[in-house]
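Take a look at the structure set out below.
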Amino acid sequence: MRPFRYQHAPDIGSAVSALAEAPEAAYLAGGTNLVDLMKLEVEVPDLLVDVRQLTSDRIEAHPDFVRIGAAVTNSALAADPVIRRRFPVLSQAVLAGASGQLRNLATTGGNLLQRTRCPYFQDLNTPCNKREPGTGCSAREGFQRDHAVLGASEACIATHPSDMAVALAALDAVVNTEGPRGPRAIPLVDLHRLPGDEPERDTVLEHGELITSVDVPQLDFATNSRYRKARDRASFAFALVSVAAAVDTADGVVRDVRLALGGVAHKPWRATEAEAVLRGAEASVEGFRRAADAELAGARPLPGNEFKVPLARNMIVSVLSELSGVPR
Ligand SMILES: Cc1cc2nc3c(=O)[nH]c(=O)nc-3n(C[C@H](O)[C@H](O)[C@H](O)COP(=O)(O)OP(=O)(O)OC[C@H]3O[C@@H](n4cnc5c(N)ncnc54)[C@H](O)[C@@H]3O)c2cc1C
């Protein structure tokens with residue numbers, strides 16, 4: 001690991017200023033992703049500003065929304081009674097990730113900003129446009145099992161690894177930040193980017209922009225929500241495909257729905273095409289298939305990840321059927 005300086009900032013403004021003055025500096029939260037990447041020398045910050053004591057570690061329940069402090073650990077979030085009751089999909093998504101020990105350290109802000117698990121990104125010996133722009137994408141001709149089928153570019157086919165972010169995308173969460181140019185409220189679906197020609201940029205955040213909290217707006221039918229994750233082994237594995245869904249049905253008709261996919265793109269994938277097909281349609285296996293097909297019509301799989309398209313389709317149909325009480 002390269003040498004680096006470590007610093008506590010007395011308040012958020014000082015932390016933001018410290019990063020604004022140091023282009024190679026980074027925030028440190030639980031360190032469960034950043035420190036691993038520093039050991040691999042994929043990330044080489046010269047200064048770490050510890051933000052765990054700066055942002056809130058509380059979950060505040062309001063009638064219209066729940067505010068999750070950026071320092072709330074993944075364990076505390078998953079176990080919180082309000083989250084479990086009002087947004088079961090979020091609790092389930094967090095519990096589907098990592099391990100108990102990791103979740104005890106990992107924070108909400110850090111989870112959203114964890115970096116891709118593409119093996120070529122983590123291997124300094126191979127070209128990777130995300131790690132070193134302009135060097136090429138090794139995954140395009142290499143191991144593609146974990147890679148994107150939606151929204152990828154010639155430059156990058158990496159996927160976003162966070163489970164929590166997929167549930168938050170389905171729930172229309174908003175990310176609150178403090179940055180060099182003041183505060184911002186960013187819809188979670190706009191936080192992460194598609195790779196395009198700049199795969200080195202994972203998010204729309206500016207250097208030094210600090211996530212302070214995440215707001216989840218009240219959604220009454222989110223009590224009827226679920227997260228399902230397909231992966232190569234039962235724990236310590238990232239999603240091949242995941243589905244986060246909340247459904248409101250009445251008299252056999254889908255009145256409203258929220259649907260997002262993980263493991264399929266460079267960002268949590270809000271399934272707006274499928275949602276449009278589902279709203280007002282009959283709650284049936286055929287209808288759910290049509291919706292899944294509408295979403296996946298834009299999929300461009302590679303030989304190594306073609307399986308993700310039927311897997312995603314089947315998982316969407318299965319989760320929507322369960323939430324709607326439709327026998328399969
Ligand atoms: C073996 C293993 C298995 C895992 N499995 C899964 C899994 O299945 N699903 C899953 O979702 N995750 C999984 N994870 C990832 C884990 O969830 C993340 O490492 C963790 O959530 C990151 O949180 P952290 O607080 O440790 O972030 P850190 O490592 O401290 O930081 C991560 C990034 O976020 C930035 N950052 C942190 N806080 C802020 C903030 N408030 N504002 C701005 N920037 C900030 C840091 O600068 C850094 O770039 C796994 C990790 C490991 C090691």
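As the structure lists them, so they are numbered: ligands from 1, and atoms in each ligand from 1.
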- For atom 7 (C) of ligand 1, the closest protein heavy atom turns out to be Ala98 N, 3.2 Å

- What residue and heavy atom of the protein are closest to atom 25 (O) of ligand 1, and at what distance? Thr107 OG1, 2.7 Å

- Item | Selection from Phe236, Phe238, Tyr27 by shortest heavy-atom distance to atom 1 (C) of ligand 1 | Phe236

- Query: Phe65: what forms a ring-ring contact (aromatic ring centres under 6.0 Å, His included) with it, not counting sequence neighbours?
  - Reply: His62

- Query: Do the side chains of Ile12 and Thr212 get nearer than 4.5 Å, heavy atoms only?
  - Reply: yes

- Item | Atom indices of ligand 1 within 4.0 angstrom of Glu209 heavy atoms, with elements | 43 (C)

- Message: Just so I know, are the side chains of Tyr227 and Ser242 near enough to count as touching, which here means a heavy-atom distance under 4.5 Å?
- Response: yes

- Item | ligand 1 versus Arg117: contacting region, heavy-atom distance under 4.0 Å | side chain

- Report the C-alpha distance between Ser162 and Asn111 in whole Å, list the side-chain angles of each, state the deciding distance to 0.1 Å, and finish with yes or no for side-chain hydrogen bond (donor to acceptor under 3.5 Å, both in side chains). CA-CA 6 Å; Ser162 167; Asn111 187 301; 2.6 Å; yes

- Nearest non-hydrogen protein atom, atom 8 (O) of ligand 1: Lys229 NZ, 2.8 Å

- Message: Just to be sure I read this right, does ligand 1 sit under 4.0 Å from the backbone of Pro161, its side chain, both, or neither, counting only heavy atoms?
- Response: backbone

- Have a look at Asn111, Val51, Asp202 and point out the one with the heavy atom closest to atom 21 (O) of ligand 1. Asn111

- Query: Does some non-hydrogen atom of Ala239 fall short of 4.0 Å from ligand 1?
  - Reply: no

- Message: What I want to know is whether Asn33 and ligand 1 share at least one N or O pair that is separated by under 3.5 angstrom.
- Response: yes

- Hey, could you give me each pair passing ring pair (Phe, Tyr, Trp, His ring centres under 6.0 Å) that has a residue in residues 287-328? Not counting sequence neighbours. none

- Message: Between His160 and His192 (judged by ring centroids, cut-off 6.0 Å), do the two rings come close enough to count as a pair?
- Response: yes

- Message: Checking Ser318 against Arg228 for the side-chain hydrogen bond (donor to acceptor under 3.5 Å, both in side chains) test, could you report, in this order, the C-alpha distance in whole Å, the side-chain angles of both residues, the deciding distance, and whether it holds?
- Response: CA-CA 10 Å; Ser318 145; Arg228 178 151 310 151; 2.7 Å; yes

- Item | Top protein contact for atom 2 (C) of ligand 1, by heavy-atom distance | Leu102 CD1, 3.4 Å

- Task: Look at the side chain of Glu295 and the backbone N and O of Ala274, then say whether any donor-acceptor pair between them is shorter than 3.5 Å.
- Result: yes

- Query: Going by distance only, is there an N or O of Ala70 that falls short of 3.5 Å from an N or O of ligand 1?
  - Reply: no

- Are side-chain heavy atoms of Glu282 and Val253 found at a separation under 4.5 Å? no

- Transitive ILVMFWY side-chain link Tyr27 to Leu112, under 4.5 Å: no

- Query: Can you tell me if Gln122 uses its side chain to pair, donor with acceptor, with the backbone of Cys118 under 3.5 Å?
  - Reply: no

- Message: Closer than 4.0 angstrom, basic N to acidic O: yes or no for Glu200 and Arg131?
- Response: no

- Query: Going by heavy atoms in the side chains, are Thr73 and Asp57 under 4.5 Å from each other?
  - Reply: no

- Backbone or side chain, does any N or O of Met164 fall under 3.5 Å from an N or O of ligand 1? no

- Query: With atoms numbered from 1 as shown, which atoms in ligand 1 lie under 4.0 angstrom from a non-hydrogen atom of Ala237?
  - Reply: 8 (O)

- Query: Which protein non-hydrogen atom lies closest to atom 26 (O) of ligand 1, naming both residue and atom, and how far is it?
  - Reply: Thr32 OG1, 2.7 Å

- Query: What protein heavy atom is closest to atom 32 (C) of ligand 1, reported as residue, atom name and distance in Å?
  - Reply: Gly110 O, 3.7 Å

- Item | Protein heavy-atom partner closest to atom 24 (P) of ligand 1 - residue, atom, separation in Å | Gly30 N, 3.6 Å

- Query: Is Glu154 close to Cys137 at the side-chain level, that is, under 4.5 Å between some pair of heavy atoms?
  - Reply: no

- Message: Tell me the contacting part of Ser99 for ligand 1: side chain, backbone, both, or neither, using a 4.0 Å heavy-atom threshold, strictly below.
- Response: neither

- Query: For ligand 1, which atoms sit closer than 4.0 Å to a heavy atom of Leu34?
  - Reply: 29 (O)

- What protein heavy atom sits nearest atom 45 (C) of ligand 1, and how far away is it? Leu113 CD1, 3.7 Å

- For atom 9 (N) of ligand 1, which candidate among Asp163, Leu210, Ile211, Thr177 provides the closest heavy atom? Asp163

- Message: Please check whether Ser162 reaches ligand 1 - meaning an N/O of the residue sits under 3.5 Å from an N/O of the ligand, judged on distance alone.
- Response: no

- Message: Would Arg231 count as a contact residue for ligand 1, given that I'm defining contact as a non-hydrogen atom of the residue lying under 4.0 Å from a ligand atom?
- Response: no

